Every structure is written in structure tokens, then in C-alpha cells.
Amino acid sequence: MTSPKFYQLSKSERLARLVEANQLSEKDAQFLAQSQPLADELADSMIENYIGQYHLPLGIVQDVMVAGKVYQVPMAIEEPSVIAAANNAAKMMRLNGGVTIESGQRVMFGEVVLTDLPQLADAVKWVDNHFAILQTVAQKAHPSIVKRGGGLQKITTTIVENRFLKLNLEIDTKAAMGANIVNTICEAIAHAVQATLGGTILLSVLTNAAFGSVVKASVTLNPETLATATLTGDAVAQRLIDATQFAQLDVARAATHNKGIMNGIDAVIMATGNDWRAIEAGAHSYAARTGHYQPLTDWSWTSDHQLRGQIAVPLPVGIVGGSIGILPTVQVAQRLMVIETAEELAGVIAAIGLGQNLAALKALVSDGIQKGHMALQAKSLAIAVGATASELTTLLPQLLKAPHLNTETATTLLSQIRAENR
Ligand code: NDP
């Protein structure tokens with residue numbers, strides 16, 4: 001008899017299987033089994049006006065192969081079907097050799113903007129000629145990042161509308177996302193520049209257009225991997241390419257295309273304690289960088305008739321800093337992933353985004369998105385109208401057969417089941 005699949009197990013059986021496979025320690029499994037809330041004292045110290053906690057399910061994408069290494073990837077998400085799709089894609093990609101990281105830059109940008117400078121061109125020259133002085137200012141502002149081998153690397157200047165002087169600071173924040181590090185350095189540089197050149201400091205802050213942290217990753221698939229009961233792999237692959245080309249031409253579609261990618265990316269960002277607002281802002285500003293909002297992935301045929309998918313997305317993630325060292329679940333998630341550097345984490349997240357896009361496009365251009373979603377939507381609906389775990393077994397098959405999958409149907413069917421069981 002074959003052993004049940006991971007998704008067919010109960011939560012405690014899944015945890016036991018992860019422990020058995022040495023992917024999770026006994027202690028971390030016990031922690032997840034208990035689903036303890038944060039200690040009030042800790043939560044109260046993290047935010048202002050703390051009044052309670054908000055919980056999300058934590059799931060796992062198994063065996064994601066990136067640059068030859070296999071990862072167990074945690075996802076924190078409320079949307080049904082995202083994790084199932086990610087697992088499906090991870091399997092397709094692994095069967096084809098996994099995801100390759102093509103490039104992964106990692107530098108954060110900060111903006112310092114001054115106004116009221118009488119001689120903008122002279123100001124530009126001064127900044128361009130005095131980098132060494134400004135670098136010393138940055139080192140003094142944040143000495144610990146310099147000790148770690150990071151800090152201010154470069155400053156470029158732009159005059160905007162003959163009114164604003166913008167300094168773009170390139171800062172290596174090492175293993176941290178670095179918003180606070182960048183902001184500290186930006187403010188120190190702003191004051192130093194103003195002290196010499198005059199003018200008014202308008203703002204000095206990190207930019208979330210994190211184009212210095214773009215990860216490019218790709219996967220090459222034998223089209224046969226994509227075959228469905230009704231379509232050949234070639235046909236699915238061609239439709240997938242056509243759907244991507246349509247997204248390149250149609251902003252309405254590009255937005256949805258990218259939302260699907262962010263389903264995967266955000267869920268891992270959340271599970272690893274990173275800042276999903278920063279990641280969202282970066283991804284969409286990158287998608288719009290040419291002035292025409294574009295999909296973050298591209299799919300095409302290779303010369304030997306394989307399907308090649310590529311993703312390029314800014315992923316300024318950290319493995320230290322912010323809430324990462326504070327949240328116990330994030331620590332477990334990090335240990336589960338076995339991640340050593342922020343670059344490595346960014347690569348895995350890019351692979352997840354690419355896979356999520358593959359699974360979504362495959363469903364969309366073959367069976368349609370609703371087929372796979374129906375069972376999960378029915379379950380959410382049944383729970384929302386108050387069905388218990390034992391009632392779900394009877395209610396779900398009836399709901400899926402009903403002509404209209406909606407609250408009214410779910411409520412009526414549930415009342416009938418309860419009446420019959422009385
Ligand atoms: P922190 O302010 O926590 O800074 C990271 C700290 O981690 C460093 O100062 C450093 O302190 C320590 N550290 C330990 N090991 C390393 C290492 N190997 N490499 C680098 N640093 C290390 O976090 P960030 O600066 O990363 O800022 C992220 C937070 O800022 C997030 O919570 C984000 O939500 C928030 N934020 C985001 C903004 C945005 O996106 N626009 C704006 C403002 C805040 P030490 O060297 O002293 O040990």
C-alpha cells in the first residue's frame with residue numbers, strides 16, 4: 001500500500017513526517033503543533049495601541065529546487081489554492097531540473113532631496129567631487145554596518161525639473177533588508193550636504209523602488225510536463241506564451257498576471273518576517289519602470305522547443321532585522337528553509353513567484369481557473385456559514401453539485417443536513 005500524500009495527512013501527521021525527514025526538529029514541530037499566540041508583552045512592544053492578534057494559516061511548499069538545492073518553503077496565506085498550486089509547480093519545475101538563478105544584485109537605494117539651492121549645477125559638482133567626505137559621514141552615522149562589510153557604496157545626482165537636487169545613495173545592507181540602516185545614512189548625508197551647500201532638506205529616505213535588488217531566475221520545461229487530460233503539452237505551452245504576450249499588451253491582464261505571482265511571493269515574505277508592503281511597492285514599480293506596466297515574467301520557446309520561463313523582480317529581503325529576530329514562527333520558518341544568506345532567500349522567493357505564475361497560467365489556459373478553485377471555495381463557503389468539520393463531509397459534495405455555489409445554497413443545504421441529523 002502506498003503511503004498517503006502529504007496533503008492527505010492531518011496537521012500532526014504532516015509535522016511528524018517533516019520531523020522524520022529531518023526537515024523540522026522535534027522542538028519546532030512541537031511549537032507549530034501548539035499554535036501558541038505571541039506573548040502579550042512581546043506583541044505590545046512591537047506596535048502601538050495593541051489590542052489583540054490576527055492569525056493566518058502557515059503551510060508548506062515541498063521540495064522546491066533552486067540552483068540545485070531543494071528547499072521546504074513556508075507560506076503564510078489565507079487564500080485557498082495558492083499552496084496547492086505552488087506545490088504543483090514545484091513538482092513540474094523539479095522534474096525539469098529546477099530553477100536557475102541568473103543574477104541577483106543586492107544593493108539598497110536611498111533618496112536625499114534638497115530644494116532652494118541657488119546653484120543646482122554647482123551643488124551637483126560638489127557632491128560628485130566629495131564622495132570620500134560623504135562616505136565618512138555615512139560611516140559615522142552607521143558604524144556597525146561598515147564593520148559588517150557594508151555601508152554607503154556610491155552616490156549619483158540628478159536635477160529634477162530644475163528645482164530639486166536628488167542624491168541617489170547606494171547602500172550595502174548585508175543580511176538585513178536595511179530600511180532603517182538606509183534611512184539613518186540618508187538623514188546624515190542630507191544634513192552634511194545642507195551644512196555645506198545650504199538649501200532645504202525636503203526628504204531623506206529609502207526608496208522602495210528597489211531596482212538594485214532585482215533577482216532574475218528561469219526554468220526550462222519539457223512541454224510534455226504541461227499536458228492535461230484534454231490538451232497536449234505543446235498546446236498548453238503555446239497558450240501560456242500567448243497569454244504572457246497578451247499581458248505585455250494589456251495592463252488589465254498584466255495586473256492580474258502579477259497578482260498571481262505575488263500570491264506566492266507575499267506568502268513566503270510573510271512567513272519569513274519580511275515587509276510585504278515594501279515587496280509589493282518594489283514589484284509594481286519595477287513592472288511599471290518603462291512607463292508601461294508589464295508582467296514580471298516572460299514565457300517563450302527555446303531553439304530546441306522547450307518552454308522557458310523567466311522572472312525578474314526586486315526582492316529586498318532580509319534574514320535579520322525588523323521583526324525577523326523577534327517572531328518565534330519566523331525563526332521556525334527560517335530553520336525549515338535552511339537559508340544562509342539574504343541572497344539565497346531572495347532566489348527561493350523568485351522561484352516561488354515563477355512557479356506560482358506557471359501554475360496559474362497553466363490552469364487559466366487549460367481547464368480555466370475556477371475548476372481547481374471550486375472545491376476550495378466551497379470549503380471556505382461552508383465554513384463561513386458555520387459548518388463543523390463533521391458536517392463538511394456531507395455538505396461539500398452537495399454544494400459542489402448545486403447549480404449555484406453561494407451563501408444561500410450553503411445555508412439551505414446545511415439546514416437540511418442538520419434537520420436530517422436531528
Ligand atoms: P533593523 O533596523 O532591525 O536593522 C538591521 C540590524 O540587524 C542592523 O542594524 C544590525 O545591527 C543587525 N544585523 C545583525 N546581523 C547583520 C548582518 N549580517 N547584516 C546586516 N545587519 C545585521 O532592520 P532594517 O534596517 O533591515 O529595516 C527593516 C525594517 O524597517 C522592517 O521592519 C521594515 O518594515 C521597516 N521599514 C521599512 C520602510 C520602507 O520599506 N519604506 C521604512 C521604514 C522602516 P547591528 O549591526 O547593530 O548588530
Side-chain angles (χ1 to χ4, degrees), residues 38 42-50 54 56 76 104-113 135 137-153 166-190 201-215 262 265-288 313-331 333-335 337-347 349:
L38 291 176
L42 170 62
D44 203 9
S45 68
M46 288 181 72
I47 58 162
E48 304 78 27
N49 293 354
Y50 167 65
Y54 179 101
L56 280 181
Q105 303 161 276
R106 198 173 152 80
V107 62
M108 294 300 290
F109 296 152
E111 287 185 314
V112 172
V113 181
Q135 196 170 34
V137 170
Q139 284 166 353
K140 283 192 184 146
H142 209 303
S144 71
I145 197 64
V146 181
K147 276 199 201 120
R148 294 182 189 282
L152 179 65
Q153 310 287 303
K166 166 175 151 167
L167 278 58
N168 186 58
L169 277 56
E170 298 189 16
I171 299 168
D172 180 353
T173 57
K174 295 299 183 198
M177 179 263 196
N180 291 314
I181 299 170
V182 171
N183 291 345
T184 303
I185 295 175
C186 281
E187 289 187 5
I189 295 287
I201 300 169
L202 181 64
L203 54 90
S204 36
V205 70
L206 151 129
T207 169
N208 287 112
F211 299 175
S213 301
V214 173
V215 182
M262 300 315 287
I265 290 181
D266 282 343
V268 188
I269 290 290
M270 298 268 289
T272 56
N274 277 283
D275 182 338
W276 75 95
R277 289 85 56 203
I279 296 296
E280 282 284 332
H284 298 295
S285 55
Y286 187 73
V313 61
L315 288 169
V317 293
I319 55 167
V320 295
S323 66
I324 295 168
I326 301 174
L327 295 172
T329 311
V330 168
Q331 313 268 296
Q334 268 193 357
R335 287 193 284 273
M337 282 185 95
V338 197
I339 287 289
E340 295 189 359
T341 64
E343 287 87 338
E344 190 184 356
L345 175 60
I349 297 175

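Keep in mind that what you see is a predicted model, and the values were worked out from it rather than measured. Start at 1 and go down the list; that is how both ligands and their atoms are numbered. Along the sequence shown, residues are numbered consecutively beginning with 1.
Protein heavy atom nearest atom 33 (C) of ligand 1, with residue, atom name and distance: Asp275 OD2, 3.3 Å. Among all protein heavy atoms, the one lying closest to atom 20 (C) of ligand 1 is Thr173 O, 3.4 Å. Distance from atom 41 (N) of ligand 1 to its nearest protein heavy atom, with residue and atom name: Asn208 OD1, 3.0 Å. Protein heavy atom in closest approach to atom 31 (C) of ligand 1: Gly322 CA, 4.1 Å. At the top of the distance list for atom 39 (C) of ligand 1, counting protein heavy atoms only, stands Leu206 CD2, 3.3 Å. For atom 26 (O) of ligand 1, the nearest non-hydrogen atom of the protein is Gly178 N, 2.6 Å.
Here Asn180 has heavy atoms under 4.0 Å from ligand 1 in both its backbone and its side chain. The part of Asn183 lying near ligand 1 is the side chain, judged by heavy-atom distances below 4.0 Å. The residue Val182 has no part lying near ligand 1, judged by heavy-atom distances below 4.0 Å.
Below 3.5 Å of separation, one finds an N or O of Ile181 facing an N or O of ligand 1. Between Ala175 and ligand 1, a contact under 3.5 Å exists for at least one N or O pair. Note: no N/O pair closer than 3.5 Å links Ala278 and ligand 1 by distance alone. Of the polar atoms of Ala179, at least one N or O is found under 3.5 Å from an N or O of ligand 1, judged by distance alone. At a 3.5 angstrom cut-off on N or O pairs, Ser144 counts as close to ligand 1. Any N or O atom pair closer than 3.5 Å counts here, and Gly321 shares no such pair with ligand 1.
Checking side-chain atoms of Glu170 against main-chain N and O of Val107 turns up no donor-acceptor pair under 3.5 Å. Checking side-chain atoms of Glu187 against main-chain N and O of Val205 turns up no donor-acceptor pair under 3.5 Å.
Interatomic distance, Asn183 CG to His142 NE2, rounded to the nearest 0.5 Å: 10.0 Å. Separating the CD1 atom in Ile279 from the NE2 atom in His284 is a distance of 11.0 Å, to the nearest 0.5 Å. If you take CD1 on Ile269 and CD1 on Ile349, they are separated by 4.0 Å, rounding to the nearest 0.5 Å. Ser204 OG to Leu169 CG: the interatomic distance, rounded to the nearest 0.5 Å, is 9.5 Å. Separating the CD atom in Gln153 from the CD atom in Gln135 is a distance of 7.5 Å, to the nearest 0.5 Å. Between the OG1 atom of Thr272 and the CD1 atom of Ile339 there is a distance of 9.0 Å, given to the nearest 0.5 Å.
Between Asn208 and Pro314, every side-chain heavy-atom pair lies at or beyond the 4.5 Å cut-off. Looking at heavy atoms from C-beta onward, Ile189 lies in side-chain contact with Leu167 at the 4.5 angstrom threshold. With a 4.5 Å cut-off on side-chain heavy atoms, Leu327 and Met46 count as touching. Asn274 has its side chain within reach of Leu345: a pair of non-hydrogen atoms, C-beta onward, lies under 4.5 Å apart.
Atoms of ligand 1 lying under 4.0 Å from at least one heavy atom of Ile145, given by number and element, are 20 (C). Near Val320, meaning under 4.0 Å from one of its heavy atoms, ligand 1 places the atoms 13 (N), 15 (N), 16 (C), 17 (C), 21 (N), 22 (C).
Just one of Ile185, Leu206, Ile181 meets the side chain to side chain contact (heavy atoms under 4.5 Å, CB included) condition when paired with Thr173; it is Ile181.
Residue nearest to atom 9 (O) of ligand 1, selected from His142, Met177, Lys147: His142 (by heavy-atom distance). In this comparison of Met108, Arg148, Met46, the heavy atom closest to atom 22 (C) of ligand 1 sits on Arg148.
Not a single heavy atom of Ile319 sits closer than 4.0 Å to an atom of ligand 1. Residue-ligand proximity: Gly318 is placed with every non-hydrogen atom at 4.0 Å or more from ligand 1.
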